[in-house]
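The structure under discussion appears below in the form of structure tokens.
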Amino acid sequence: MVSTTAFAGKKVNVEGIARASKTEISNSICLLSEWLEKNDYRGYDTFDGLSAKYIRPLTFKTKLLRTVLQQGVRRFPINLRPLLGVPKSRSTKGMAYLAKGFMRLQQATGDKSLEDKAESALEWLIEHKSKGYSGACWGNHFDYQSRTFYLPKGVPTIVWTSLIGHAFLDAYEHFQKDSYLQVAISACEHIMQDLDRFVEGDALCLSYIPAENKSVHNSNTLGASFLARTYAYTGTEAYQMLAQKAMRYTAKHQRADGSWYYGEAANLHWVDNFHTGYVLDCFKYYQKATGDDQFDERMNTGYRYWKKTFFLLDGTPRYYDYKTLPIDIQCSSQAIDTLVLFNDQDPENLALALNIAKWTIENMQDRTGYFYYRRYSPWIVNKTPTLHWGQATMLCSLAGLYKLL
């Protein structure tokens, strides 16, 4: 470990901070790609505990017992899924991140075979849309119990749909195929027609799921940024107007220190690393797509807060605003992605991105190629090979970093 004191959450000074080289990043990507191919792009998911076929019946369809099972599987430091009958699966969100990663790598290397991999992932996504809605949309491949709602397998979320929609817009930019833009437009129509909105004066929050009004900042801004990017290609004013109102809602709820709660409901008042990264990315995408700079001050204040709060000097990504542990692989992947996106306005952030990459490769990547889910201490590690949460997001973020170099 680079610094064991990092696990106590102290912002320590580290002499001779190591940064990942382009060769190290390339080698890491190659190892991960080999693991993904060997495993047919399948893995576990952070929240797939309710797929435990041997003990799921014992939850008796109650929220409490579903939560106990799901969170128990998620948080236990050893991967219990093979014992409980949870299968490895492909993931819609994971396949979108993989498609984005393959496109980035192709742009960086010129390897045409990566385009075939990207298009294969995109075609798989087209074949695995949720059915019965006003447009293209995607959900989990497992039942999910949150703090506030129960979501059966296949019911779409704005998070999944928007992140996947962003991948199709990337594909439209890369391949110049109108069919990919049409998928994105269809997904926008799902957001426009199937999702409720919480209205607050001249602002609104897009609901996380259909049928119920569930307001969360990262999901709201993900939907808004996707609408804004699609507007940039179609000129559909309704997309831009809705996006602006949604971004205004999250901008208005920025806290005095520059942070955002996960959500405004009383039980959603926490601040973490990767959800903050999502929100920042979305403000950036919105501004670039629309030219509307009214939220730039909020975005830049949030970016400065995030950058100074969530990282130790050796590149260790902290989980919460008040403590480091647990060290989660998505804190690493999302941090690298956000830093790469903001590099145009903060070129010096490349050093931090390389520090994070170095730390993550050395401390979270297995010798077989995949990335661990979490570190709870220098000695306690949850080595579950999550697909979208760890492997797909790391391939995508490392590919973006490699391309930047």
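No experiment lies behind these values; they were computed from the predicted model shown.
Residue Asp143 forms a salt bridge (Lys or Arg N to Asp or Glu O under 4.0 Å) with just one option from Arg56, Lys63, Lys53, and that option is Arg56. A ring pair (Phe, Tyr, Trp, His ring centres under 6.0 Å) with His166 is found for one member of Tyr172, Tyr278, Tyr285 and no other, namely Tyr285.
Salt bridge Lys153/Asp48: absent, no basic N to carboxylate O contact under 4.0 Å. With respect to the salt-bridge test (charged N to carboxylate O, under 4.0 angstrom), the residues Lys307 and Glu348 do not qualify. Between Lys358 and Asp314 there is no salt bridge, since no side-chain nitrogen of the basic residue lies less than 4.0 Å from a carboxylate oxygen of the acidic one. A salt bridge links Lys252 with Asp202: at least one charged nitrogen is closer than 4.0 Å to a carboxylate oxygen.
The main-chain N or O of Ser134 is found under 3.5 Å from a side-chain atom of Asp194 such that the two form a donor-acceptor pair. Although no hydrogens or angles enter the test, the distance criterion places no donor-acceptor pair under 3.5 Å between the side chain of Trp270 and the main chain of Tyr320. For the pair Arg90 (side chain) and Met95 (backbone), a donor-acceptor distance under 3.5 Å is absent. Remark: the backbone N or O of Leu222 is paired with a side-chain donor or acceptor of Ser225 at under 3.5 angstrom. Remark: the backbone N or O of Tyr372 is not paired with any side-chain donor or acceptor of Gln365 at under 3.5 angstrom. Listed for the Arg104 side chain is a donor-acceptor partner under 3.5 Å among the backbone atoms of Cys396. At distances below 3.5 Å, not a single donor-acceptor pair connects side-chain atoms of Asp196 with backbone N or O atoms of Ser207. Using modelled atom types, one side-chain atom of Thr92 and one backbone atom of Gly139 make a donor-acceptor pair closer than 3.5 Å. Thr393 places a side-chain N or O within donor-acceptor distance of the main-chain N or O of Trp389, the cut-off being under 3.5 Å.
A pairwise comparison of heavy atoms in Asp328 and Arg374 identifies OD2-NE, 2.8 Å as the closest pair. For the residue pair Ala136 and His190, the shortest heavy atom distance occurs at O-CB, 3.7 Å. The shortest non-hydrogen separation linking Ala399 to Ile29 is N-CD1, 4.0 Å.
A side-chain N or O of Gln345 and one of Asn300 form a donor-acceptor pair less than 3.5 Å apart. With hydrogens and angles left out, the side-chain atoms of Ser51 and His141 include no donor and acceptor closer than 3.5 Å. Gln71 and Arg74 form a side-chain donor-acceptor contact under 3.5 Å, judged by distance and modelled atom types alone. Gln107 and Tyr402 share no side-chain donor-acceptor pair at under 3.5 Å. In summary, the side chains of Gln330 and Gln334 do not present any donor paired with an acceptor at a separation below 3.5 Å, with no hydrogens or angles considered. Side chains of Asp321 and Thr309: no donor on one and acceptor on the other come within 3.5 Å. No side-chain N or O of Trp260 forms a donor-acceptor pair with one of Asn218 less than 3.5 Å apart. No hydrogens or angles considered: a donor-acceptor pair under 3.5 Å links the side chains of Tyr180 and Glu119.
Using a 30° and 60° split on the angle between ring planes, Phe149 and Tyr144 fall in the perpendicular class, above 60°. Using the six-membered ring where Trp is involved, Trp124 and His128 have ring planes that are parallel, under 30° apart on the 30 and 60° scheme. Tyr370 and Trp35 have tilted rings, their planes meeting at an angle from 30° to 60° on a 0 to 90° scale. The aromatic rings of Tyr261 and His269 lie parallel to each other, with less than 30° between the two planes, well short of the 60° mark.
In this structure the side chain of Asn273 never reaches within 4.5 angstrom of the side chain of Tyr319, judged on heavy atoms.
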* To do: Take Ile327 and Trp359 through the side-chain contact (heavy atoms from CB on, under 4.5 Å) test and state the conclusion after the steps.
  => CA-CA 11 Å; Ile327 297 173; Trp359 188 93; 3.5 Å; yes
* **Intermediate values then yes/no, ring-ring contact (aromatic ring centres under 6.0 Å, His included), Phe283 and Trp306** => CA-CA 14 Å; Phe283 274 105; Trp306 172 78; over 10 Å; no
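Geometric assessment of Lys284 against the ring of Phe342 yields a positive cation-pi assignment under the 6.0 Å and 45° thresholds.
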